Protein chains: 2
Amino acid sequence: MERNRHIYNCQEGCPIESTLQIISGKWKSVILYHLIKQDATHFGELSRQMKDCSRRMLALQLKELEDDGVIVKHQYPVIPPKTDYELTDFGQTLTPVILAMEKWGNYYNKVSAEKNDLTINA
Amino acid sequence: MERNRHIYNCQEGCPIESTLQIISGKWKSVILYHLIKQDATHFGELSRQMKDCSRRMLALQLKELEDDGVIVKHQYPVIPPKTDYELTDFGQTLTPVILAMEKWGNYYNKVSAEKNDLTINA
DNA sequence: CTGTATCCTTCTAGATACTG
DNA sequence: CAGTATCTAGAAGGATACAG
């Protein structure tokens, strides 16, 4: 059992600390993003979307999210086996955070592209 | 020079990945939170607010945020020396993300406290 | 006060092989 | 397909000492 997650303690009750406690895993917010967008709900789909995340890491991060009650795993005992992941009601409450990150990321990608254009055309 | 930051590559242009690129450092969002709230702008103040972040880590994270153009450092050559940190205009654009995290953290602290009460009174 | 440099331990995470 | 177990290299991060 790999159980040694970092405990944040910037200050008693710091809200950012609390949020990090749940979503700060290296790939957690990306997983949540895909689950919210529903463009990937199976292990394999997620793995394909997140090319630089190994299957081991993906499994670990999914496990932690499940332990924290953020997602649920549904297993279908068919051949070949199928699993999908879904946000719990509790996990759904994280949507605004993930969407804020999405919005900013899109903005950032845009300004980065523009800066690049300027550099190329300079 | 410590320069080996993880490069996220879930998918080309994934907005969450882009956001993580800037704020995923272990203490960065906490630093940004304090700068947004303006309850800590000096190195020592930040250090006091973030008890479990060593001075070394604090300095490293501040340096990366500065390199990324998110914050600026102002140094006053007085005795004793004084420094303060401020969000750049670019850094300001991250405010909605940090505030979404704050809001969720407060919600989470609340439900955790309630759950605790139930456990104690059970 | 605000950092930087170095050393050293702990943890992270990839590679690989294996299971239901 | 959907994972788990083990092994290992390399990165993260604390402690300490020193500098402007």
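The figures here come from the full heavy-atom set of this structure, side chains too, leaving out hydrogens, waters and symmetry mates. Worth saying up front: this structure is predicted, and the values here are computed from it rather than measured. Letters A, B, ... mirror the listed sequences (proteins, then strands); counts begin at 1.
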Going by distance alone, is a donor N or O of one side chain under 3.5 Å from an acceptor N or O of the other, for A:Asp39 and A:His34?
yes

Rounded to whole Å, the CG-P distance (A:Leu62 to D:dG3) equals 7 Å

Rounded to whole Å, CG of A:Leu60 lies from P of C:dC11 at a distance of 15 Å

- Item | Hydrophobic cluster membership, B:Ile22 vs A:Val111, 4.5 Å side-chain cutoff | yes

Rounded to whole Å, CG of B:Asp52 lies from P of D:dG14 at a distance of 8 Å

When rounded to whole Å, the CE to P distance for the pair A:Met50 and C:dA13 reads 12 Å

Checklist entry - Taking the side chain from B:Gln61 and the backbone from B:Leu58, do they hold a donor-acceptor pair closer than 3.5 Å? => result no

Between A:Met57 and B:Arg55, the residue closer to the 5' end of DNA chain C by nearest nucleotide is B:Arg55

| At under 4.0 Å, does any side-chain N or O of A:Lys26 touch on OP1 or OP2 of C:dT12? | no

With respect to the phosphate group of C:dA13, does any side-chain polar atom (N or O) of A:Ser54 fall under 4.0 Å of OP1 or OP2?
no

Checklist entry - Are any of B:Thr83's side-chain N or O atoms less than 4.0 Å away from OP1 or OP2 of C:dC1? => result no

Margin query: Regarding A:Lys73 and A:Glu86, does a basic nitrogen lie under 4.0 Å from an acidic carboxylate oxygen?
Written below: no

Rounded to whole Å, CG of B:Asp84 lies from P of C:dG3 at a distance of 10 Å

| field | 4.5 Å side-chain heavy-atom contact, A:Ile71 and A:Thr88 | value | no

Q.
On the nucleotide C:dT2, are OP1 or OP2 found under 4.0 Å from the side-chain N or O atoms that B:Ser47 carries?
A. no

note: A:Glu64, atom CD; C:dA13, atom P; distance rounded to Å ~ 10 Å

**Short side-chain N/O contact from B:Lys82 to OP1 or OP2 of C:dT2, under 4.0 Å** = no

Whole-Å distance, A:Arg56 CZ to D:dA9 C1', equals 13 Å

Under 4.0 Å, counting only non-hydrogen atoms across every strand here, what does B:Tyr76 touch: a base, just sugar-phosphate, or nothing?
nothing

C:dG3 phosphate, OP1 or OP2: any side-chain N/O from B:Lys73 under 4.0 angstrom?
-> yes

Here the distance between atom C1' of D:dA12 and atom NZ of B:Lys63, to the nearest Å, is 18 Å

